[in-house]
Every structure is written in structure tokens, then in C-alpha cells.
Amino acid sequence: MTRIFSFTAAVAAGLVCLTASAFATEPPVKAAAYIDFASVTPRWTGFYVGLNAGYGWSSASTYFAARDPLFGLAQADGSLPNFLEPRMRGFVGGGQIGYSWQFGQAVVGLEADIAYSGMKGDDSFSADMIFANPPMTTTQKAEITWLGTVRPRIGWLWTPSVLVYASGGLAYGGVKVSTNVNVDMPGACPAANGFCSIGSRSTTRVGWTVGGGVESFIGSNWSVRAEYLYFDLGHESDPIDSTAPSGTVMRAHAEFNGHIVRAGLNYHF
């Protein structure tokens, strides 16, 4: 019995020694890295300038309101449209300038940008002869020639180099609309028929925008971004006048709101 107890004690002592040796030789497990944003150099604070390029689109919904009884009857019987969608599409690109302040993990700032816009589109409606009305085609065109914004930005640092932000504020831009009602009979237009009519308008609209994006430093002074904006420049009213001497016969109310997705490159001073 004494020998059994002695053997058991020896085995237990051996196990203890092996366990202690294993813990002594196993490398220590590193704790998860912790980023103290308060101690990180505020590299986001300061002025920056940059370029952007992307794509914009809009339905450019247009509503027609008759101002002449003859045109009102033509809308009622389906010879003239009540609604068209030119569906603008195109490249948008320009530049931006801004200033940001970093407060720990938060970044706030103000940015202004202006861009060329190739967003344009058209839509047409054709009707055969209905009752006493001749066959007609109505064409509506819409275009945004340039677009700018002034927007506060507020963001949160996902890492010291990656910023996720929201933005919104003032939007403004140059818009163009044109309408043409053509009687599809040889020699009927421009002035042989009272339904022949045209209208156009070019002006600057002011509205609002909202959106957001992600921006990341790729060097000591350079950053790249991806951004989405929704904009609304309100609507533009286009008077449509008959080419026969009868004045304004309809008005086209075109809505200028839409979407932009774009990438940008900034240099930080």
C-alpha cells in the first residue's frame, strides 16, 4: 500500500512539472489593439482642395397645364400629353474646397463644390388624328448644365484614417427646358396650324441637397472618397407659345431633382 501511494505522488508531481513547463514555454497572448483617438494626431484638421467625377440621373418629371381651351380639349381627348419624363442622365465632374476640424473621433467641417453637368434627356408623345385634332407629337427636353453645393459635413472616424460622414445644405445649378408641339402634317408648322407651339427657358435654380460618403487617407496629405448626394432644385415653369398669333397656350412645369454618385481626390494642407 505504501508503494502505491508513493507511485501516485510521483506521477502527480510529474504532471505538475510538465504543466508548469508548458506555461513557461508558451508565448503570451497579445491583448486586442486599442486606439486612443484622443492621442492620435488630428490630421483631419485644416484646409483641403480636390477634384470629383461621377454620374447623375433624374426623371425630370414634367407636367403640362393648358392655358387655352383648345389645348385643354386636346389634353382631355389624348391628343396632347398631361405628363412626360425626359429622364436626364450624364457625367458630372468638378472641384471642391473645404475646411475640417477634428475633435477626437468626431470630424466636422464645411465644403463648397461646383461641377460641370452633362445631365440631359428628352421624352416624346405622339397621337394620331383624334376627332378634329390633327396628328401631333409633343417633345420635352430637360438639362442641367452645371451644379454646385455648399454643405456642412459631420463625420465619425472608423479608424484614424477612415472617415464616415453625412452632409447636407444648399444646392444650386443651371437648368434648361424646352417644349415643342409639332403637327405631323407637311407644311402645318411653324404657323399654318394653331397647335404648332414652342417654348424654352434657361435659368439658375436654388434648392437643397443631402447625402454622405466615406473618405480615407492614402498618404500623409492625400485622401480619396466615395460620395452619394440627392439634390432638389425645385421646378421650372416653361411657357409654351403657339407659333400662330395666339400667345401662351400651355405651361410645362419641369421638376429638377435627382441623384449623384461620385468619387473624389483631396489634398490636405
Please list all pairs meeting salt bridge (charged side-chain N to carboxylate O under 4.0 Å, His left out) that have one or both residues in residues 158-174, counting only residues at least two apart or in different chains. none
Please collect all side chain to side chain donor-acceptor pair (under 3.5 Å) contacts where either partner lies in residues 163-172, sequence neighbours excluded, each pair once. R151-S167, Y165-E227
If you look only at pairs with a residue in residues 174-236, which of them pass as a disulfide bond (SG atoms under 2.5 Å apart), with sequence neighbours excluded? C189-C196
Considering residues at least two apart in sequence or located in another chain, which fulfil the ring pair (Phe, Tyr, Trp, His ring centres under 6.0 Å) criterion with F195? F71
Taking transitive links into account, so neighbours of neighbours count too, which hydrophobic residues share a cluster with F83 at under 4.5 Å side-chain distance? Y63
Does any pair with a residue in residues 110-164 pass disulfide bond (SG atoms under 2.5 Å apart), and if so which ones, sequence neighbours excluded? none
Which disulfide bond (SG atoms under 2.5 Å apart) pairs, counting each pair once, include a residue from residues 117-184, with sequence neighbours left out? none
Under 4.5 Å between side-chain heavy atoms, chaining through other members, with only Ile, Leu, Val, Met, Phe, Trp and Tyr counted: pull out the rest of the cluster around Y267, sorted by chain and number. F47, V49, I97, Y99, W101, F103, V108, I154, I218, W222, V224, L265, F269
Please name all residues satisfying ring pair (Phe, Tyr, Trp, His ring centres under 6.0 Å) with F217, sequence neighbours left out, ordered by chain then number. W44, H268
Residue pairs fulfilling side chain to side chain donor-acceptor pair (under 3.5 Å) with at least one residue in residues 190-204, sequence neighbours excluded: R201-E236
Qualifying salt bridge (charged side-chain N to carboxylate O under 4.0 Å, His left out) pairs with a residue from residues 161-171, counting only residues at least two apart or across chains: none
Share the residues that join F91 in a hydrophobic cluster, the rule being Ile, Leu, Val, Met, Phe, Trp or Tyr side chains under 4.5 Å apart at the heavy-atom level. Y116
